Protein chains: 2
Amino acid sequence: MTKPPTPSENEAQPFTVAGLRMDVLEGAFSWYIRAIDAVVSRDLDQRTAHLDVAKGKGKITALLLVDGHPGIRPSQIAEVLMRDRPATGRIIDHLVKAGDIRRESDAEDQRAQALYITDKGSALAQEVRDIIREQQDDFFDFIPPEDRDEFMRMLQRAYINMRNKLK
Amino acid sequence: MTKPPTPSENEAQPFTVAGLRMDVLEGAFSWYIRAIDAVVSRDLDQRTAHLDVAKGKGKITALLLVDGHPGIRPSQIAEVLMRDRPATGRIIDHLVKAGDIRRESDAEDQRAQALYITDKGSALAQEVRDIIREQQDDFFDFIPPEDRDEFMRMLQRAYINMRNKLK
DNA sequence: AGCATTGATTGTGTTTTACAATTATCTAGT
DNA sequence: ACTAGATAATTGTAAAACACAATCAATGCT
């Protein structure tokens, strides 16, 4: 690939992918967010391929939420996942069929369900947590530990900020 | 959104969504990345709903790449998008039918195509860039300008690091 | 010339995803 | 207490995204 004239007023490193300068993407946060999401998601799919939560768009989150919040309702999970209730219900179906969680009817509200982790699900949750930690160590090893906290705070702030603006 | 049900005992709020403590998600970068991606993507879909590139999973990137790299090949776009060639080909089909780009056959390699922006596409690209900039200003206004560069560098490093590990 | 490689398209089947409609339960107002 | 409206969840369905296999054409290497 020929070396193009470097952009005059742009001092950011014009880094390339497939021989293409990426500065044409307007240096948009959103593009990198999406790309990182794609890589991380695929990698996570591979690492969890042998588990009930494989190919997870929301199964992992649902499992960990139930594990950490006994008696949680499907609608609460839906809100965290930012999915509608039907989609969330099917994720829960899947986990129930696999024997990782169980449904009970909420004592305070007969309409609602209360979800609880099973022994099998609890073991699975622990396994998933280990996998997530491994992935984090592998992918973010270039960030020194003290900067990881900073990065995490930045992501949390972005997430909170965005959620607040949506309503 | 549900009402905040926990102004009772805790003052060091550990960060909740829908009344649920989120620390059960293992403080995983990947979870926040995915959530932010979902919010940003939906918002971008709304902002571009009236354009040819609406509902874009890759159309916007493809358009900007062609605009910034005259003569680019579909396979190069596929590599940036991290999609397979069939998926990329259909995105290009869509943009060609809409009259935003045009195909020519590459002079150096008769198998390959060389893609060029049209006047219509060029105007669209400018419009898209404006929208992206607006979105960035809206969503990341909580980050002071000097920290935005830092955040951006962090994202770029994460992206590069991940891509390198995939090979 | 022969053969493996690369660029691109078409076709197909699976999986997501959102939306509408339905049932059951709760809450509020009269 | 009773009705009206809101909320929790499920089922059904249609549209869209996505990956994989097969095919065809052009290139390059030996």
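In what follows, every chain begins at residue 1, and chains take the letters A, B, ... in the order their sequences are listed. Being a predicted model, the structure only gives us computed values, none of them experimental.
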Separation of C/dT16 C1' from A/Lys59 NZ (nearest whole Å)
10 Å
It should be established whether A/Ser75 places a side-chain nitrogen or oxygen under 4.0 Å from OP1 or OP2 of nucleotide D/dT7.
no
To the nearest angstrom, the CG-P distance between A/Asp45 and C/dT15 comes to 13 Å
Length of the line joining A/Glu108:CD and D/dT7:P, which is rounded to integer Å:
18 Å
note: B/Asp109, atom CG; C/dT5, atom P; distance rounded to Å ~ 17 Å
When you check the side-chain N and O atoms of B/Arg133 and B/Gln136, is any donor under 3.5 Å from an acceptor?
no
Applying side-chain hydrogen bond (donor to acceptor under 3.5 Å, both in side chains), which residue pairs with at least one partner in residues 82-97 of chain A are found, sequence neighbours left out?
A/Asp93-A/Arg103
With a 3.5 Å cut-off and no angle check, do the side chains of A/Arg129 and A/Gln126 form a donor-acceptor pair?
yes
Only residue of B/Asp138, B/Asp141, B/Ile36, B/Val39 satisfying side-chain contact (heavy atoms from CB on, under 4.5 Å) with A/Asn161 is B/Asp141
Which residues share a salt bridge (Lys or Arg N to Asp or Glu O under 4.0 Å) with B/Arg148, sequence neighbours left out
B/Asp137
Is the phosphate of D/dT10, meaning OP1 or OP2, less than 4.0 Å from a side-chain N or O of A/Gln113?
yes
Among D/dT10, D/dA26, C/dT9, which nucleotide sits nearest the side chain of A/Arg103?
D/dT10
When the distance from CD of B/Gln110 to P of C/dT9 is rounded to whole Å, what number comes out?
15 Å
DNA chain D-proximal residues of residues 84-96 of chain B, any heavy atom under 4.0 Å
B/Asp84, B/Pro86, B/Arg90
What is the distance, to the nearest angstrom, from the NZ atom on B/Lys57 to the P atom on D/dA16?
13 Å
Check whether more than 12 heavy atoms from other residues, nucleotides or ligands sit under 6.0 Å from atom CD of A/Glu104, and answer yes or no.
yes
Can you measure A/Ile77 atom CD1 to D/dA8 atom C1' for me and round it to whole angstrom units?
13 Å
Looking only at side-chain N and O atoms, does B/Arg83 come under 4.0 Å of OP1 or OP2 in D/dC20?
no
Under 3.5 Å, is there any donor-acceptor pair linking the side chain of B/Arg111 to the base of D/dT27?
no
Starting the side chain at C-beta, find the nucleotide from C/dT9, C/dG7, D/dA9 nearest to B/Arg73.
C/dG7
What class does the angle between the rings of B/Phe140 and B/Phe151 fall in, given that below 30° is parallel, 30 to 60° is tilted and above 60° is perpendicular?
tilted
